[in-house]
Amino acid sequence: MENNLILYNTLSRKKEIFTPLKAPFVGMYVCGPTVYGDAHLGHARPAITFDLIYRYLTHLDYKVRYVRNITDVGHLEADADEGEDKIAKKARLEQLEPMEVVQYYSDRYHENMSQLNVKKPSIEPRASGHIIEQIEMVKKIMDEGYAYEVNGSVYFDVFKYNQSHEYGKLSGRVLEDLISNTRDLEGQTEKKNGYDFALWKKAMPEHIMRWPSPWSDGFPGWHMECSAMGCKYLGEYFDIHGGGMDLLFPHHESEIAQSNIANGGDPAKYWVHNNMITINGKKMGKSLNNFITLNEFFNGEHKSLEQAFSPMTIRFFILQAHYRSTLDFSNEALVAAEKGLDKLLKASETLHQLKASDQSDFNVVEMKLNCYRALDDDFNSPILIAHLFEVVKWINQVKHEKAKLKKEDIEALKILFNIFVFQILGLKPEKQSNDDHEIVDGLMNTILDIRKDAKDNKNWGLADKIRDELGKLKIDIKDTKEGASWEIKE
RNA sequence: GGUCUCGUGGCCGAGCGGUUAGGCAGAGGUCUGCAAAACCUUGUACAGCGGUUCGAAUCCGCUCGAGACCUCCA
């Protein structure tokens with residue numbers, strides 16, 4: 001497949017033509033969740049954004065190795081260097097082994113991802129399983145003279161690094177500004193400078209998660225894991241590094257610094273960042289405590305929710321905005337997404353019942369090109385969806401015999417829907433598929449048959465009664481020219 | 001305080017120098033035993049004020065407003 005893909009590179013702040021380092025292979029690393037709580041709507045954004053990118057690159061015939069980590073150690077609670085490990089804290093509170101907490105929330109995260117139809121990454125490494133690699137990397141940085149040890153902890157010397165490299169080139173920060181901003185931070189730390197970051201932390205006695213190292217029994221600094229694991233599975237220089245915009249600084253900036261010293265260069269060619277989801281105009285996040293978990297969306301049990309929203313509604317809602325824009329949550333917006341998605345999926349079913357004509361009123365080839373153009377332009381899913389809704393219009397017009405489509409065009413549209421709606425956008429019908437389906441179908445056909453007899457005899461009372469009673473069972477009956485149809489609500 | 005981003009019709013959200021974005025909601029109509037769905041028609045939108053230009057939502061400046069990062073955060 002010819003490649004016209006353009007993507008926005010945070011590093012250059014420009015859209016660039018996507019040229020893989022070693023086509024057809026593509027290496028993509030995305031910062032995954034810290035598993036110490038249920039995933040919320042904010043977590044769904046990068047998952048779905050990079051799922052879209054993964055799916056599209058795969059569709060373009062690239063052999064993608066997609067690595068998304070699980071952070072199960074090293075993330076500190078309050079201060080980057082003085083706080084307590086998030087996992088360990090949660091474990092102590094709940095009287096659980098740290099790894100028990102990790103297992104529990106990892107499982108729940110995976111369950112949510114599966115519900116959202118997010119494909120599994122090729123590799124999902126855990127930080128705790130790569131302590132050796134991280135220690136090795138810290139050693140390298142020590143050997144190069146860009147890190148110093150204080151009381152068993154190791155810090156990266158940002159000032160020294162900045163003399164030969166540019167600390168801040170990703171986030172657009174200037175070290176002088178950082179100096180003036182960190183100068184008046186309270187508390188005397190072990191660090192030479194406030195902006196230095198930890199590569200290895202000595203564990204306090206109460207700290208449960210700890211590993212031996214040349215410097216102390218302790219644990220790796222947060223930024224180490226992504227550098228070490230990215231390098232291990234994708235090489236020292238790979239194609240795409242992704243994550244949320246809030247990770248730009250200091251996380252990704254520090255990864256670049258570490259990698260430059262340890263491996264002699266940047267870790268990735270393209271840096272891709274998804275924007276935040278907001279609630280009442282503010283970022284939805286753990287720290288602001290204004291988040292709604294995915295499970296709460298799915299079951300509707302949250303005071304801010306007027307109803308439950310299905311995983312596919314959430315997915316569609318997110319895909320209707322460009323990944324680099326903020327997306328504002330509201331019940332109204334989600335209801336709109338729910339209805340829009342329903343319309344799209346219904347049209348997909350209708351497509352299979354269309355009657356072919358000997359000519360077409362629409363240019364299917366052009367439409368297909370437009371769909372590709374949308375995705376090629378920095379994965380513009382909202383534009384793609386707008387195109388798909390035009391196809392929905394076509395389908396409905398043909399259904400109502402107000403427009404025509406040739407047989408081969410109908411077939412082409414089926415393929416188009418399959419590619420863009422199902423394979424790339426990753427949407428799927430949400431009907432429960434259980435073994436009772438055939439029985440239910442049979443029953444419904446019988447009932448609708450009886451109702452049709454009633455209607456033919458103008459026995460409106462009986463016809464309405466059947467519809468009303470079924471309605472109470474959440475079964476919707478709709479009369480069309482072709483006969484009655486039914487569907488289960490919600 | 002520093003750095004950066006954004007402000008689009010009732011709501012969400014594309015576009016980023018000249019062409020209808022799209023979805024939801026609203027209004028009118030077609031269809032229909034009724035209802036629903038679908039279809040057709042329908043919207044004085046681009047924070048404000050200046051400037052550049054033949055032409056600006058789109059570029060520049062200022063003002064106002066909102067947000068992100070600078071500390072863990074997707």
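Between A:Asn380 and B:G15 there is a side-chain polar atom (N or O) within less than 4.0 angstrom of OP1 or OP2. Phosphate contact (OP1/OP2 of B:C4, side-chain N/O of A:Ser171, threshold under 4.0 Å): absent. Phosphate proximity of B:C39 to A:Asn396: present, with a side-chain N or O under 4.0 Å from OP1 or OP2. For B:G67, one of the phosphate oxygens OP1 or OP2 lies less than 4.0 angstrom from a side-chain nitrogen or oxygen of A:Lys282. At the phosphate of B:C40, OP1 or OP2 sits under 4.0 Å from a side-chain N or O atom of A:Gln397.
Remark: A:Met245 pairs with A:His273, A:Asn275, A:Met276 by the side chain to side chain contact (heavy atoms under 4.5 Å, CB included) rule, at least two apart or across chains. By the side chain to side chain contact (heavy atoms under 4.5 Å, CB included) test, A:Ser304 is found to be paired with A:Ile292, A:His302, residues two or more places apart in sequence or in another chain being considered. Residues forming a salt bridge (Lys or Arg N to Asp or Glu O under 4.0 Å) with A:Lys478 (at least two apart in sequence, or on another chain): A:Glu487. In this view, A:Asn117 and A:Arg55, A:Met312, A:Arg315, A:Lys428 satisfy the side chain to side chain contact (heavy atoms under 4.5 Å, CB included) rule, not counting sequence neighbours. Residues that satisfy the side chain to side chain contact (heavy atoms under 4.5 Å, CB included) test with A:Leu344, not counting sequence neighbours, are A:Phe316, A:Leu388, A:Phe389, A:Val392, A:Phe417, A:Val421, A:Leu427. With sequence neighbours left out, A:His110 forms a side chain to side chain donor-acceptor pair (under 3.5 Å) with A:Glu124. Under the salt bridge (Lys or Arg N to Asp or Glu O under 4.0 Å) criterion, A:Lys465 pairs with no residue, sequence neighbours left out.
Each of A:His322 and A:Asn274 lies near RNA chain B, and the nucleotide nearest A:His322 is the one positioned closer to the 5' end. Heavy-atom nearest nucleotides on RNA chain B were determined for A:Phe329 and for A:Gly285, and the one closer to the 5' end corresponds to A:Phe329.
Heavy atoms of A:Gly281 sit under 4.0 angstrom from primed sugar atoms or phosphate atoms, though from no base atom. Contacts of A:Ile277 with the nucleic acid, taken as non-hydrogen atoms under 4.0 Å apart, include base atoms. Across all strands shown, A:Thr278 has no heavy atoms under 4.0 Å from either base or sugar-phosphate atoms. Using a 4.0 Å heavy-atom criterion, one finds that A:Asp328 contacts the sugar-phosphate atoms exclusively. In this structure, A:Arg451 reaches the bases: a heavy-atom distance under 4.0 Å links it to at least one base atom across the strands shown.
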Intermediate values then yes/no, side chain to side chain contact (heavy atoms under 4.5 Å, CB included), A:Thr278 and A:Phe329: CA-CA 6 Å; A:Thr278 57; A:Phe329 154 82; over 6 Å; no
Side chain to side chain contact (heavy atoms under 4.5 Å, CB included) assessment of A:Leu405 paired with A:Leu354: CA-CA 9 Å; A:Leu405 276 172; A:Leu354 291 185; 4.3 Å; yes
List the steps and the verdict of salt bridge (charged side-chain N to carboxylate O under 4.0 Å, His left out) for A:Glu190 and A:Lys202. CA-CA 12 Å; A:Glu190 303 167 334; A:Lys202 179 182 180 178; over 6 Å; no
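Rounded to whole Å, the distance from CD1 on A:Ile318 to P on B:G13 is 12 Å. Distance CG (A:Leu327) to P (B:C11): 16 Å, rounded to an integer number of Å. The nearest whole Å value for the distance from the CG atom in A:Asp468 to the C1' atom in B:A35 is 9 Å. Rounded to a whole Å, the CD1 atom of A:Ile477 is 12 Å from the C1' atom of B:A35. Counting to the nearest Å, the C1' atom of B:G7 and the CG atom of A:Asn275 are 14 Å from each other. A:Met245 places its CE atom 19 Å from the P atom of B:C72, with the value rounded to the nearest Å. Rounded to an integer number of Å, the gap from CG of A:Asn69 to C1' of B:A74 is 12 Å. Look at CG on A:Asn289: it is 14 Å from C1' on B:C72, rounded to the nearest Å.
B:C60 and B:C16 have their P atoms separated by 15 Å, with the value rounded to a whole Å. As rounded to the nearest Å, B:C40 and B:G22 have P atoms that lie 12 Å from one another. When the P atom is compared between B:A35 and B:A27, the two are found 15 Å apart, to the nearest whole Å. Separation of the C1' atoms belonging to B:U52 and B:G17 is 12 Å when rounded to the nearest angstrom. Separation of the P atoms belonging to B:G51 and B:C12 is 32 Å when rounded to the nearest angstrom. Taking the C1' atom of each, B:U41 and B:C31 are spaced 15 Å apart, rounded to whole Å. Atom name C1', nucleotides B:U8 and B:U58: the rounded distance is 11 Å, in whole Å.
Between the CG atom of A:Leu341 and the CD1 atom of A:Ile314 there is a distance of 11.0 Å, given to the nearest 0.5 Å.
Residue pairs that meet the salt bridge (Lys or Arg N to Asp or Glu O under 4.0 Å) test with at least one member in residues 283-297 of chain A, sequence neighbours left out, are A:Asp246-A:Lys283. Note on residues 316-337 of chain A: pairs passing salt bridge (Lys or Arg N to Asp or Glu O under 4.0 Å), not counting sequence neighbours, are A:Arg324-A:Asp378.
Here the closest heavy-atom approach between residue A:Ala484 and residue A:Ile477 is recorded as CB-CG2, 4.3 Å.
Judged by atom type and distance alone, A:Asp246 does not reach the base of B:C72 through any side-chain donor-acceptor pair under 3.5 Å. With hydrogens and angles ignored, a donor-acceptor pair closer than 3.5 Å exists between the side chain of A:Arg467 and the base of B:A35. One N or O donor and one acceptor, one from the side chain of A:Arg173 and one from the base of B:C69, sit under 3.5 Å apart.
Of the candidates B:A68, B:A74, B:G33, the closest approach to any side-chain atom of A:Thr34 belongs to B:A74. Each of B:C12, B:A37, B:C4 was ranked by its minimum atom distance to the side chain of A:Phe317; first place goes to B:C12. Closest approach to the A:Ala321 side chain among B:A14, B:C39, B:G33 is made by B:A14 (side chain taken as heavy atoms from C-beta onward). Candidate nucleotides B:A74, B:C72, B:A14 were compared by shortest atom distance to the side chain of A:Leu247, and B:A74 ranks first.
Looking at RNA chain B, the stems built from 3 or more consecutive Watson-Crick or G-U wobble pairs, each pair with its key distances under 3.5 Å, are B:1-7 with B:64-70, B:10-12 with B:22-24, B:26-30 with B:38-42, B:47-51 with B:59-63.
Using a 4.0 Å cutoff on non-hydrogen atoms, the parts of residues 43-56 of chain A near RNA chain B are A:His43, A:Arg45, A:Pro46, ordered by number.
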Summarise how protein sits on nucleotides 17-32 of chain B as a single string, 5' to 3': B when a protein heavy atom is under 4.0 Å from the base, S for sugar-phosphate-only contact, - for no contact. ----BSBSS-------
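Both the sub-6.0 Å distance and the 45° axial angle are not jointly satisfied by A:Arg68 relative to the ring of A:Phe50.
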